[in-house]
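Report on one structure; see the data block that follows.
Below, chains carry the letters A, B, ... as their sequence lines are ordered, and counting in each starts from 1.
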2 protein chains.
Amino acid sequence: MDHLPSWLLSQVSSHAHRLVTEGFGAAGARGYHYRLLDSLVTGGPASQAALGRRTGIYLSDLVGALNELESAGFVRRSADPADKRRNVVSLTAAGRERAAELGERAAAIQDELLAPLSAAEREQLTGLLRRLLDHHAAR
Amino acid sequence: MDHLPSWLLSQVSSHAHRLVTEGFGAAGARGYHYRLLDSLVTGGPASQAALGRRTGIYLSDLVGALNELESAGFVRRSADPADKRRNVVSLTAAGRERAAELGERAAAIQDELLAPLSAAEREQLTGLLRRLLDHHAAR
DNA sequence: CCCTAACGTTAGTGCGTCCAATGTTAGGCT
DNA sequence: AGCCTAACATTGGACGCACTAACGTTAGGG
């Protein structure tokens, strides 16, 4: 069975997931929080629908995650004057700090996950994964 | 964010997971079933504890998965005469057939998942993943 | 002979992904 | 203008997988 890439992938991903939930969990966060904050940092404010497209998170799950981030003061929902259907989600100052904090944790997690690989191998891996992702993300 | 391997890994793994659950789900199975049947084919009969070690499935989850496989007639639990604590889990004839059927599906899923990669690249990928897995599986 | 460890089982948690249904608002078509 | 369809935010639910805690039973070593 250990010859099948999907098995390997799921096993490695399971370890990765454990590292991520441990690392973020120790800070009282989870994967969705980081994904959202990071997307807001690099992509700017956006409606929830746009945020969902950017992060790959389902709209229904986004609601809950944003509720958590909002009541923690990291994020703000404001009505879009140009389109009353939309909430414009943006970072607060605290949210920007939080994003930086979680970013550092993410880097540490990265390092632990990829510990056995050289820098060149890490790039190889990300290149291959990226191509797989691009292929499948295109539906 | 798309520069972080753990993000890539989780995204790719998410697509892989979707393909797997779709592929197996269409046959009324799920990942645990295939993992277990395959492990029984390649590793022979074993106690549940040993099976858990071989597949990486938690003992507690194994119970449920084996219940499903057993009531479908694919697997048999028999008391180990040498150790009354153990159940020896073994394949039935139907189970062997089922394993072959799911194996074919697994191969098709593989192919779909790795479609954009050449044979050499697939080996590169599995090599890298395997090294990550070995590193982290060693606790 | 007792203590500890291994075994199988039950129950419950958490995260991430996904689907279905609802009410609201925008925008295109006629 | 009015209608219809699509987009948006939200709720409530489901499932797969990983993981923990607790329990009773049995083996085996000190």
Side-chain angles (χ1 to χ4, degrees), chain A residues 6-7 9-36 46-68 70 75 77-89 136-137 139, chain B residues 6-7 9-26 28-36 46-53 55-68 70 75 77-89 136-137 139:
Chain A
S6 81
W7 155 264
L9 202 58
S10 82
Q11 291 293 296
V12 173
S13 158
S14 159
H15 283 285
H17 181 261
R18 191 170 37 73
L19 291 176
V20 165
T21 54
E22 278 174 11
F24 285 150
R30 57 190 181 108
Y32 277 6
H33 296 167
Y34 175 61
R35 281 207 228 168
L36 288 169
S47 71
Q48 297 185 191
L51 220 42
R53 278 177 235 119
R54 264 154 47 170
T55 58
I57 300 177
Y58 264 60
L59 276 293
S60 45
D61 304 315
L62 233 151
V63 175
L66 285 181
N67 287 344
E68 292 160 8
E70 192 175 32
V75 127
R77 276 191 257 223
S78 32
D80 185 338
D83 188 335
K84 285 171 190 164
R85 293 171 304 178
R86 285 182 233 251
N87 286 336
V88 176
V89 181
H136 291 288
R139 251 138 246 83
Chain B
S6 81
W7 155 263
L9 203 56
S10 83
Q11 291 293 295
V12 173
S13 158
S14 159
H15 283 284
H17 181 260
R18 191 171 38 73
L19 291 175
V20 165
T21 55
E22 278 173 12
F24 286 148
R30 56 191 181 107
Y32 277 4
H33 296 166
Y34 176 62
R35 281 206 229 169
L36 288 170
S47 72
Q48 297 185 194
L51 220 42
R53 278 176 233 120
T55 57
I57 300 176
Y58 268 63
L59 277 294
S60 44
D61 301 317
L62 233 150
V63 175
L66 284 181
N67 286 343
E68 292 160 8
E70 192 176 31
V75 125
R77 275 190 258 223
S78 33
D80 185 339
D83 188 335
K84 285 171 190 162
R85 292 172 305 180
R86 281 176 230 232
N87 287 336
V88 177
V89 180
H136 290 289
R139 254 146 244 84

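Rounded to whole Å, atom P of C:dC18 lies 14 Å from atom CG of A:L62. The distance between atom CG of A:D61 and atom P of C:dA20, rounded to the nearest whole Å, is 15 Å. Put simply, CG on A:L19 is 14 Å from P on C:dG16, counting in whole angstrom units. The CD1 atom of B:I57 sits 15 Å away from the C1' atom of C:dG8 (whole-angstrom rounding). Taking atom CZ on B:R53 and atom P on D:dA18, their separation rounds to 18 Å, with Å as the unit. Atom P of nucleotide D:dC15 and atom CD of B:E68 are separated by 11 Å, given to the nearest angstrom. Here the P atom of nucleotide D:dA22 and the OH atom of B:Y58 are 16 Å apart, to the nearest Å. Whole-Å rounding puts the B:L66 CG to C:dT10 C1' distance at 15 Å.
Judged by distance alone, with hydrogens and angles left aside, the side-chain atoms of A:R35 form a donor-acceptor pair with the main-chain N or O of A:T55 at under 3.5 Å. Between the side chain of B:D80 and the backbone N or O of B:A82 there is at least one donor-acceptor pair closer than 3.5 Å.
Residue B:R30 places no side-chain N or O under 4.0 Å from the OP1 or OP2 atom of D:dA14. Regarding contacts with the backbone of C:dT9, a side-chain N or O of B:Q48 is found under 4.0 angstrom from either OP1 or OP2. Residue A:R18 places no side-chain N or O under 4.0 Å from the OP1 or OP2 atom of C:dG16.
The shortest heavy-atom contact between A:A16 and B:L9 is CB-CD2, 3.8 Å.
The residue among A:L59 and A:H17 whose nearest nucleotide of DNA chain D is located toward the 5' end is A:L59. Ranked by how close their nearest DNA chain C nucleotide is to the 5' end, B:G64 and A:Y32 are led by B:G64.
A heavy-atom distance below 4.0 Å to DNA chain D is reached by these residues of residues 77-87 of chain A, ordered by number: A:R77, A:R85, A:R86, A:N87.
Among the nucleotides D:dT11, D:dA9, C:dG16, the one closest to any side-chain atom of A:N67 is D:dT11.
Checked by distance alone, A:S60 brings a side-chain donor or acceptor within 3.5 Å of a matching partner on the base of C:dC19.
Annotation: the span from B:N87 atom CG to B:S78 atom OG amounts to 7.5 Å, rounded to 0.5 Å.
Contacts of B:G56 with the nucleic acid, taken as non-hydrogen atoms under 4.0 Å apart, are absent.
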>> Quick one, B:Q48 with B:R77, criterion side chain to side chain contact (heavy atoms under 4.5 Å, CB included). Give me CA distance, side-chain angles, the key distance, then yes/no.
In response: CA-CA 9 Å; B:Q48 297 185 194; B:R77 275 190 258 223; 2.9 Å; yes
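Residues A:L36 and A:V75 are not in side-chain contact: their nearest non-hydrogen atoms beyond the backbone lie 4.5 Å or more apart. A:L59 is not listed as a side-chain neighbour of A:L51, based on a closest heavy-atom distance of 4.5 Å or more.
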